[in-house]
There are 2 protein chains.
Amino acid sequence: MDLQNRQLLLLGLLRIQTMHGYQLNQFLEEHLDFMTSLKPSTAYYTLERMAAEGLVEAHAEQAGNRPTRQIYAITPAGEIRYRELLRRNLASYDPCESADDIGIAFLADLPPEEARQLLAEKRALIQDRLDKILAAEDRVDAASATHLSLERVKRQHQLDLEWLSEVEAWLERALAQEAEPGSAPEP
Amino acid sequence: MDLQNRQLLLLGLLRIQTMHGYQLNQFLEEHLDFMTSLKPSTAYYTLERMAAEGLVEAHAEQAGNRPTRQIYAITPAGEIRYRELLRRNLASYDPCESADDIGIAFLADLPPEEARQLLAEKRALIQDRLDKILAAEDRVDAASATHLSLERVKRQHQLDLEWLSEVEAWLERALAQEAEPGSAPEP
DNA sequence: CGATTCATGTAACGGGTTACATGATTCG
DNA sequence: CGAATCATGTAACCCGTTACATGAATCG
């Protein structure tokens, strides 16, 4: 995720409610883990940057004897920036290329039996994530826009599983053809 | 795309045929444009690195009065590395998060009418890419593993289009509700 | 003749991740 | 009491992209 979308995300969350960095990171990990991989350090850094740009305002707060924390609030300039970033995001399309494509393109370079086992591992990983997404789905208001995003991610995983089945079918055919000479062709 | 997958990709191509950098870049742009966004400079750099590691061997060649070019060939060490990388790739899953999800999650923050227009732009971009992918599909041997990768990318785009339709439907509902007070809820 | 293609690089930049540091606090 | 949580940062590092440079060759 690039700087712009990190800013969009953080501004969007701060628009709902002022928060401190830790709180934001918690929220990200709890509710948006499957949509973004924004790391705590990066979030803190982005918040500082935005504070320097005047997009957010920080004010220190002490709760009991806990470490001082910076409460961030979006500024009017931040609101404007937020709109800009949101418009840009909605009007664009990021193709989001998968590393999986590269491996599969060279699938014929491994013995089919070995390939099958490796793909089984991949399948398990996808299934695992999908299960977590399905669980998360229950915790999101079905009428909210966030639900739409989650829905996309869910379908993405379902698609990958379906597609993987076809890859496996392709492998089966390759395995069957192994009996007779003449192996699978290349790019 | 990270270093490992770049290496996997380049090694896989060099395994088929020895090539010079420019030739590789041409091939990438012509045949694998939709699957990877490996830039020329990065490809050259990766090749040098792999040469230093002994994964590939370069030897200079002069064709006519053209600039000298480095022909790269995969080495036995490279073959071993290739297998490793391929295994790792096949057994793993990279979730490939989309920036689109972030924007959509905040969809309710824009006037529905404006959002609709922006999403129309997004749709056009996806459709455009899909058309190019469909055209590219005809040029790929349907029995090859590369075809499987392309198939995934194609479905990815189709999914995004379908999903976008649902987002639009959601917007229509929001627009309809605009008449009566009570706006769309937030994450 | 001017523009594009061939073919390779380099230098600089910003960007993001990892790993680590800190220090108090609450929980088991 | 030791471990995890709260809360924030920093420093180092690699990494990838952009932009630019070069210089001959061919195409229109």
Side-chain angles (χ1 to χ4, degrees), chain A residues 1-10 13-14 18-30 33 35-53 56-73 85 94-97 99 102, chain B residues 1-10 13-14 18-30 33 35-53 56-73 85 94-97 99 102:
Chain A
M1 203 175 32
D2 62 346
L3 181 61
Q4 297 208 337
N5 283 306
R6 267 182 289 144
Q7 291 193 344
L8 173 60
L9 177 56
L10 294 177
L13 293 177
L14 289 178
T18 67
M19 296 199 216
H20 58 270
Y22 192 82
Q23 204 177 350
L24 274 166
N25 283 316
Q26 261 189 162
F27 189 89
L28 289 173
E29 205 192 326
E30 268 178 49
D33 201 26
M35 292 192 217
T36 176
S37 57
L38 185 51
K39 302 279 183 274
S41 315
T42 310
Y44 282 122
Y45 168 74
T46 308
L47 285 170
E48 274 173 38
R49 242 186 95 110
M50 289 200 295
E53 286 180 70
V56 298
E57 257 178 356
H59 76 105
E61 200 194 64
Q62 192 95 29
N65 264 343
R66 294 298 181 74
T68 315
R69 51 198 195 185
Q70 301 295 321
I71 309 280
Y72 290 99
L85 291 173
D94 104 282
C96 148
E97 62 198 34
I102 296 166
Chain B
M1 202 176 33
D2 62 346
L3 181 62
Q4 296 207 339
N5 283 305
R6 268 181 289 144
Q7 289 192 344
L8 173 60
L9 177 55
L10 293 177
L13 293 179
L14 288 178
T18 67
M19 295 199 218
H20 58 270
Y22 191 82
Q23 203 177 351
L24 275 165
N25 283 316
Q26 261 188 160
F27 189 89
L28 289 173
E29 205 193 326
E30 268 178 50
D33 201 25
M35 291 190 217
T36 176
S37 58
L38 185 50
K39 302 279 184 274
S41 314
T42 311
Y44 282 123
Y45 168 74
T46 308
L47 285 169
E48 273 172 39
R49 242 187 95 109
M50 290 200 294
E53 286 180 70
V56 297
E57 257 178 355
H59 76 103
E61 200 195 63
Q62 191 94 28
N65 263 343
R66 294 297 181 74
T68 314
R69 53 200 193 183
Q70 301 294 323
I71 309 281
Y72 290 97
L85 292 172
D94 104 282
C96 147
E97 63 199 34
I102 297 167

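Quantities reported herein were computed from a predicted structural model and do not represent experimental measurements. Residue numbering restarts at 1 for every chain, and letters A, B, ... go by the order of the sequence lines. Side-chain atoms are counted along with the backbone in the values below, which use heavy atoms only and exclude waters and symmetry mates.
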Check your understanding: How close or far is atom C1' of C:dG15 from atom CD of A:Q7, stated in whole angstroms?
Key -> 13 Å
Review point. Which heavy atom in A:N5 sits nearest to a heavy atom in B:A99, and how many Å separate them?
Key: ND2-CB, 3.4 Å
Review point. Of the non-hydrogen atoms in B:Y72 and B:L14, which two are nearest, and what is the gap between them?
Key: O-CD2, 3.5 Å
Review point. In whole angstrom, what separates A:M1's CE from C:dG15's P?
Key: 14 Å
Study note, to complete from the structure: Per atom distances to the B:K39 side chain, the nearest of C:dG15, C:dT18, D:dT17 is D:dT17
Review point. Has A:E57 got more than 12 heavy atoms of other residues, nucleotides or ligands less than 6.0 Å from its CD?
Key: no
Practice item. Calculate the interatomic distance between A:Y45 atom OH and C:dT18 atom C1'; express it in whole Å. Key: 16 Å
Review point. Do the side-chain N or O atoms of B:Y22 get closer than 4.0 angstrom to the phosphate oxygens (OP1, OP2) of C:dC6?
Key: yes
Check your understanding: Roughly, in whole Å, what's the span from CD in B:E29 to C1' in C:dC6?
Key -> 13 Å
**Study point:** Proximity to the side chain of B:R69 - top-ranked nucleotide from C:dA7, D:dT8, C:dT17
**Key:** C:dA7
Check your understanding: What is the distance from CG of B:N5 to P of D:dC15, rounded to the nearest Å?
Key -> 13 Å
Check your understanding: Taking atom C1' of D:dC6 as reference, at what distance in whole Å does atom CD of A:Q70 sit?
Key -> 15 Å
Point to revise | B:L3 side chain, from C-beta outward: closest of D:dT8, D:dC15, D:dT18 | key: D:dC15
Check your understanding: Nearest of C:dG9, C:dT17, D:dG9 to any side-chain atom of A:Y72?
Key -> D:dG9
Review point. Taking the side chain as C-beta and beyond, is there a heavy-atom pair between A:L9 and A:L28 under 4.5 Å?
Key: yes
Point to revise | Atom pair distance, as rounded to whole Å: CZ in B:R49 and C1' in D:dC15 | key: 9 Å
Point to revise | Interatomic distance, B:N25 CG vs C:dT8 P [rounded to whole Å] | key: 8 Å
Review point. Hey, is the side chain of B:Y44 poking within less than 4.0 Å of OP1 or OP2 on C:dG9, counting only N and O atoms?
Key: no
Exercise for review: Kindly say whether, by distance alone, the side chain of B:S41 makes a donor-acceptor pair under 3.5 Å with the base of D:dA19?
Suggested key: yes
Check your understanding: A:E48 side chain: which of D:dA7, C:dA7, D:dT10 is closest?
Key -> D:dT10
Practice item. Please check if atom CD in A:E29 has more than 12 non-hydrogen atoms from other residues, nucleotides or ligands closer than 6.0 Å. Key: no
Review point. Reckon B:Q23 touches a base, only the sugar-phosphate, or nothing at all at heavy-atom distances under 4.0 Å?
Key: nothing
**Study point:** Given D:dC6, C:dT8, D:dG9, the nucleotide with the shortest approach to the side chain of A:Q26
**Key:** D:dC6
